[in-house]
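Predicted model, so just to flag it, every value in this text is computed and none were measured. Letters A, B, ... mirror the listed sequences (proteins, then strands); counts begin at 1.
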Number of protein chains: 2
Amino acid sequence: MKTDKLARLQAAGWKVGSAEDFLQLNGEEARLVALKLSLISAVKESRIKRKLSQIDLAQRMKSSQSRIAKIEAGDPSVSLDLIVRALIASGATTRDIQTTFTANERMVG
Amino acid sequence: MKTDKLARLQAAGWKVGSAEDFLQLNGEEARLVALKLSLISAVKESRIKRKLSQIDLAQRMKSSQSRIAKIEAGDPSVSLDLIVRALIASGATTRDIQTTFTANERMVG
DNA sequence: TGAGTATATGTCGATACTGACATATACTCA
DNA sequence: TGAGTATATGTCAGTATCGACATATACTCA
């Protein structure tokens, strides 16, 4: 791609891809996935700790038992939003959430 | 609603709502919103700190300038997933993210 | 054994979210 | 003034994600 055209595209607000960008993104994607996995573990841990069934937790966050199962199974159809909602609804404390985040970040650097 | 019907619904995995649940959810919803706002601030801070334009950041995460603007404006069409992606892509360090989380949790209790 | 309870898996229609794209506003600086 | 650059706002079609729902599997315990 010509440099001037690239500059014009960038000026207009477009994303411009490259192999390097792709590799970089993979590293960041891995970091996000690692974070999700940490939060998922925290959800199950928090739920069990408070002796809540999946149905109990589902009621608390107005979701369904099958969604909770999918959250804990790491199903790809589950968003970070939903995971964090579940973590909050499960009664995880400030410190629980913080610790999860910290532990995850420590792992992935 | 009859109790036995409620029990059957619960056994089948359904959510069952109530005014109390609703109020509880609002508190948890507020907590999630507060978290999002903290992370949004962190994105802008991290981006500025590293002297990246919105276009630069958009390229890094294969998104568009307009999306970054919407993230930073707190547009309701932006998910937690996207905010965290932006935060990671902006080059926020382990400590930055951790600090954001800690500060947020301290605020919301 | 079989009834009760908890969890897992699969499907579906509705909605939320996405990047792409156009365009507007705002702020340099020559 | 006006060209260049950064940010903001609005729309849209495609895709991701949602809760709802059915059903399967697994584990107690009487």
Rounded to the nearest 0.5 Å, what separation is found between the NZ atom of B/Lys44 and the CG atom of B/Leu39?
15.5 Å

Take atom NZ of A/Lys44 and atom C1' of C/dA8, then tell me their distance rounded to the nearest Å.
10 Å

Where is the tightest heavy-atom contact between B/Val43 and B/Glu72, given as atom of each residue plus distance?
CG1-OE2, 4.3 Å

To the nearest 10°, give me the bend of the helix from C/dT1-D/dA30 to C/dA30-D/dT1, comparing the axes of its five terminal pairs at either end.
30°

Heavy-atom pair with the smallest gap, counting every atom of B/Arg50 and B/Gly91:
NH2-O, 2.9 Å

For A/Gln65 versus A/Ala58, what's the shortest heavy-atom pair and its separation?
N-CB, 3.6 Å

Just how far, in rounded Å, is C1' of D/dA6 from CG of B/Leu52?
13 Å

Per nearest nucleotide of DNA chain D, the residue lying toward the 5' end, B/Glu72 or B/Asp81, is B/Glu72

Roughly, in whole Å, what's the span from CG in B/Leu80 to C1' in D/dT17?
14 Å

Please tell me if A/Ser63 has a side-chain N or O lying less than 4.0 Å from either OP1 or OP2 of D/dG19.
yes

Look at all strands and tell whether B/Leu82 reaches a base, only sugar-phosphate, or nothing, counting heavy atoms closer than 4.0 Å.
sugar-phosphate

Under 4.0 Å between a side-chain N or O of B/Gln65 and OP1 or OP2 of D/dA6?
no

Using OP1 and OP2 only, check whether a side-chain N or O of A/Arg85 sits under 4.0 Å from D/dG19.
no

Backbone of A/Ala34 reached by a side-chain donor or acceptor of A/Ser38 within 3.5 Å:
yes

Under 3.5 Å, is there a donor-acceptor pair between the side chain of A/Arg47 and the main chain of A/Leu52?
yes

From the set D/dT7, C/dA6, D/dG19, return the single nucleotide nearest to any side-chain atom of B/Ile55.
D/dT7

Rounded to whole Å, please give me the gap between CD1 in A/Ile68 and P in D/dG19.
8 Å

Separation of atom CG in B/Leu57 from atom C1' in D/dA6, rounded to whole Å:
14 Å

Please determine if a side-chain N or O atom of A/Ser79 lies less than 4.0 Å away from the OP1 or OP2 oxygen of D/dT17.
no

Identify the pairs formed between an N or O of the protein and an N or O of nucleotides 10-15 of chain D at a distance under 3.5 Å, and give each distance.
residue: D/dG10; atom: N7; partner: B/Lys70; partner atom: NZ; Å: 3.1
residue: D/dG10; atom: O6; partner: B/Lys70; partner atom: NZ; Å: 3.0
residue: D/dT11; atom: O4; partner: B/Lys70; partner atom: NZ; Å: 3.0

Tell me the interatomic distance from A/Leu32, atom CG, to D/dA16, atom P, rounded to whole angstroms.
15 Å

Does the B/Ser63 side chain pair with the main chain of B/Gln59, one donor and one acceptor, at a distance under 3.5 Å?
no

Under 3.5 Å donor-acceptor, A/Asp81 side chain and B/Ser79 backbone:
no

Looking only at side-chain N and O atoms, does B/Ser77 offer a donor or acceptor that is under 3.5 Å from a partner on B/Arg67?
yes

Quick one: does A/Arg85's side chain have a donor or acceptor within less than 3.5 Å of a partner on B/Leu32's backbone?
no

B/Asp75 CG - C/dA16 P separation (whole Å):
14 Å

How close or far is atom C1' of D/dT25 from atom CD of A/Gln54, stated in whole angstroms?
13 Å

